[in-house]
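To start, the structure itself, in structure tokens.
The chains referred to below are lettered A, B, ... by the order of the sequence lines, with proteins before strands, and numbering in each begins at 1. Because the structure is predicted, anything quoted here is derived from the model rather than measured.
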Amino acid sequence: MTISLSSAKKRLAILTVEASLIFFAVLGTPFFSHAAVLYSQTVKDTSFSVSGVTNRFQYLGTGLNGLVQTVIVNMSSTGLPSPLGINFSFICHNSSAHALANPATAECTGIGIEQGSPDLVSGGGQTDITWTLSTPFPFDSAKFYVLYVESSTNNKLMWGSASDLYAAGDCFSTVNTCGAVTDLYFIIDDGFVDTSTHIQTVIPTPDTTVATSSGATFGVTGYVSDTDYESGMYVQVKYAAYSASQASVANPDSLFTVLTFPITSSGGFSVSTTSPLITAGLYTMQTQIRTGSWLNSTLNFLGFGQFANDAIKTATSTRFTAAHLGGFDIFMASTTAAIEAYYASSTVSMAACTDWISFALLDCLNLIFVPQAQPIVAQLEAFKNGFLQYAPWGYLTRVVVILSGSSTSTLPSFTATIPLGSPDDLETLTFDMGDMIAGGGALLNSIPARGSALTIQDILRPLIDLFIALFVVIIIVRDLTGVGQRGRHNIGHMRE
Amino acid sequence: MIWYYLLLFFTTLLTATFSWLPKIETLPTVLGVDIDTQLSTGVGMFYTFASAVWPVYDVFLGMLILLTYYTIKMVLRFFLGHRAPQ
């Protein structure tokens, strides 16, 4: 009997630990999610001409794509130093406002300034001086670009004709004259880009290992030429464990996971999504650009889909390895990321503890011992959405989540048919419980107190709340102190 | 930071250890009855009723507070055993 009671107590205690953890963890913050972003490129064969403006920079604006391969310059001056070098800078800005305010100061990192010094022979007008960039400069269509030109000796060159650009300080001090760039072209060449229909890259990268605990990102970039493009084209990605491609089953295709992405126009495309990888190990991945046709659509519609054979424009077959992360890997990765996020969100710098110059004892103690609300809430939420959702205790978690929700549901309505006098004289009454309770509640809450501007609710609710609060406090104090429970232990001893 | 790290440590350790278990996001359907939907609807109806009839809501809150108290007390007993306050 004693053993049975003890066992029951343990089970009850375990259950209450679970319930308590749920209570602590039911604090809401949304999931964090992330999505892969892939580089997209549209190929154009375009040249730009900038001339006739008295300035040393040109606003090129946004929407530029492709690679700058060649710069062609026309010069007009009779007094330039010899030899003359000039620098061209494609200066990148995130916004037009920044470009207007600070045209010569690059705002974007990683992609911005491309400079060089083609040696130009001075003296007299020169036309069509071609400068081939050693490294083609890639444009980002979302950025705002300014083309900036100056001599390699930091003297200024100006746009426009030689006769209208003599501003103070803008001339070559050594020769006291000014040169002029009368015309400049830079050509965005598609010679570096394959404009045939092709698959450019696939993700996961071939022959690499994908570390994943649940799924991976699958993506394809490529190009569809104008001549190949048809309405209904799509990219199909099929992947399966490598053993599936060797399987001797009736329908090996059933072992593949198939992802489909529509292609809505010719030109470059970039698609991606996430999809689960069930098992670890080697995978085979088949990527195809396919065309749908009215015949195939009709066959599918009529139920003869097995005869539909969508044309494959191009295809690749790659392999990758999925390595499932172990518990320790997950722990290390998430811990590192979470600690870094904690530092990033902290209002107190880590330097308060680690830096000799900025050391501050109170701030350091604050950082170490005082928890910040937002990370703690986020961590409790992660606890609820992680550990507490696993079976079998996940069922209890779900019940608590439902009970602690705040959403309301419409109450049901019902109808009653009442005979009034004769059997044919019936009256149907509909009762809407929602309206009834809302009306009753409004009536209950609006009853005025005699001789007062307050309602009965205004007067009684604080008293009832006080009564309930006192009741709760008394129950808790009674339980803690044992007052009024003198006979409880005696009864317990008698049982044992 | 220390409390956060401890919480993070136990959370990630427990989550990683039991990650092989299936996740429960909804209650099951038994004999054609979707328990999750039924319970959600039922609780939602109660909140509709309680929002109009405030004494019911206040009493319910009092019950929740008591329930939380008893839960905390039982957790302490689980961890501290006979050393827990009686």
Which atoms of [X] come close to chain B, meaning under 4.5 Å heavy atom to heavy atom: side chain ones, backbone ones, both, or neither?
{"X": "A:P412", "value": "both"}
{"X": "A:I437", "value": "both"}
{"X": "A:I464", "value": "side chain"}

How about [X] and [Y]: do any of their side-chain heavy atoms sit closer than 4.5 Å?
{"X": "B:L7", "Y": "A:F383", "result": "no"}
{"X": "A:W393", "Y": "B:L21", "result": "yes"}
{"X": "B:L27", "Y": "A:I402", "result": "yes"}
{"X": "B:E25", "Y": "A:Q389", "result": "yes"}
{"X": "A:F387", "Y": "B:T17", "result": "no"}
{"X": "A:V472", "Y": "B:M63", "result": "no"}
{"X": "B:Y69", "Y": "A:L480", "result": "yes"}

Which value, rounded to the nearest 0.5 Å, describes the distance between [X] atom [atom1] and [Y] atom [atom2]?
{"X": "A:R398", "Y": "B:D36", "atom1": "CZ", "atom2": "CG", "answer": "4.0 Å"}
{"X": "A:I475", "Y": "B:Y70", "atom1": "CD1", "atom2": "OH", "answer": "5.5 Å"}
{"X": "B:I24", "Y": "A:L396", "atom1": "CD1", "atom2": "CG", "answer": "12.0 Å"}
{"X": "B:I65", "Y": "A:F471", "atom1": "CD1", "atom2": "CZ", "answer": "12.0 Å"}

Search all heavy atoms of A:Y395 against all heavy atoms of B:P28 and return the closest pair with its distance.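 What the structure gives for the nearest pair is CE2-CD, 3.5 Å.
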
Counting only heavy atoms not in A:F467, do more than 12 fall under 6.0 Å of its CZ?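 Open.
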
Can you tell me if B:K23 uses its side chain to pair, donor with acceptor, with the backbone of A:N385 under 3.5 Å? yes

At under 4.5 Å between heavy atoms, what parts of residues 40-50 of chain B are in contact with chain A? List them by residue number. B:S40, B:T41, B:V43, B:G44, B:M45, B:Y47, B:T48, B:F49

Looking at residues at least two apart in the chain, or sitting in another chain, which of them share a side-chain contact (heavy atoms from CB on, under 4.5 Å) with A:V473?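 A:V477.
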
